[in-house]
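Computation of the quantities below employed the complete heavy-atom set of this structure, encompassing side-chain atoms and omitting hydrogens, waters and symmetry-equivalent molecules.
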Amino acid sequence: QVQLVESGGGLVHPGGPLRLSCAASGFTLDYYAIGWFRQAPGKEREGVSCISNSDGSTNYADSVKGRFTISRDNAKNTVYLQMNSLKPEDTAVYYCATVPGCDGSYYWGVNWGQGTQVTVSS
């Protein structure tokens, strides 16, 4: 069965870095595109970043472009989200998920992790 577990969240000051990890089990991660999503209190869940399984291409929401980097290590069956220059508006629960693809309507979760809280506050 497909299982995804996020880790690495926590409380950080504005401007600080965090690296989130998404560890996969029950499947070989390199067969799937993986997306990162986030949901802040009172707001809808939104896509943050996505990495394909075919050519390794990536995309990012405009709000995080230039600050966040998605990567995958197929040998470790893990996808990462490196977050730099964090802002208070980045505060949210972050989820990773398998996705049908990274383009258009294909970019949404099929199998979701449990989420990890990221809080950016002074």
Side-chain angles (χ1 to χ4, degrees):
Q1 64 277 31
V2 175
Q3 292 184 353
L4 298 168
V5 179
E6 302 94 337
S7 62
L11 174 64
V12 298
H13 296 301
L18 279 177
R19 189 177 74 161
L20 305 183
S21 298
C22 175
S25 64
F27 68 103
T28 302
L29 188 145
D30 60 317
Y31 291 163
Y32 297 83
I34 301 294
W36 282 98
F37 304 81
R38 67 186 183 186
Q39 187 166 21
K43 295 188 175 182
E44 66 183 18
R45 192 169 298 184
E46 63 177 345
V48 175
S49 185
C50 188
I51 186 165
S52 74
N53 64 303
S54 54
D55 59 3
S57 62
T58 61
N59 61 26
Y60 300 90
D62 289 340
S63 59
V64 308
K65 195 172 300 181
R67 299 188 296 120
F68 292 9
T69 303
I70 189 171
S71 62
R72 68 194 306 156
D73 187 337
N74 290 333
K76 296 181 178 180
N77 226 30
T78 301
V79 170
Y80 303 97
L81 185 68
Q82 178 67 49
M83 307 186 296
N84 297 325
S85 302
L86 283 163
K87 304 174 181 179
E89 51 264 43
D90 295 318
T91 295
V93 177
Y94 284 71
Y95 302 87
C96 65
T98 60
V99 298
C102 294
D103 297 327
S105 61
Y106 293 100
Y107 178 40
W108 195 249
V110 176
N111 304 106
W112 295 88
Q114 86 289 346
T116 185
Q117 176 71 48
V118 173
T119 302
V120 185
S121 177
S122 60

### Query
How about Thr98 and Ile34: do any of their side-chain heavy atoms sit closer than 4.5 Å?
yes
### Task
Taking the side chain as every heavy atom from C-beta outward, state whether Val64 and Arg38 have any pair of such atoms under 4.5 Å apart.
yes
Whether the side chain of [X] engages the backbone of [Y] through a donor-acceptor N/O pair (distance < 3.5 Å, no angle test) should be reported.
| X | Y | result |
| --- | --- | --- |
| Glu6 | Cys96 | yes |
| Arg72 | Ser52 | yes |
| Asp90 | Ser63 | no |
| His13 | Val120 | no |
| Ser85 | Arg67 | no |

Rounded to the nearest 0.5 Å, what's the gap from [atom1] on [X] to [atom2] on [Y]? Could you check?
| X | Y | atom1 | atom2 | value |
| --- | --- | --- | --- | --- |
| Asn77 | Ser25 | CG | OG | 8.0 Å |
| Gln82 | Leu18 | CD | CG | 8.5 Å |
| Leu11 | Gln117 | CG | CD | 9.5 Å |
| Ser49 | Tyr60 | OG | OH | 4.5 Å |
| Asn59 | Cys102 | CG | SG | 5.0 Å |
| Asp73 | Thr78 | CG | OG1 | 6.5 Å |

### Task
Have a look at Leu20 and tell me which of Tyr95, Tyr94, Tyr80 forms a side-chain contact (heavy atoms from CB on, under 4.5 Å) with it.
Tyr94
#### Entry: Sub-6.0 Å ring centroid separation between Phe68 and Trp36
no
### Task
Let me know which of Arg45, Glu44, Glu46 forms a side chain to side chain donor-acceptor pair (under 3.5 Å) with Gln39.
Arg45
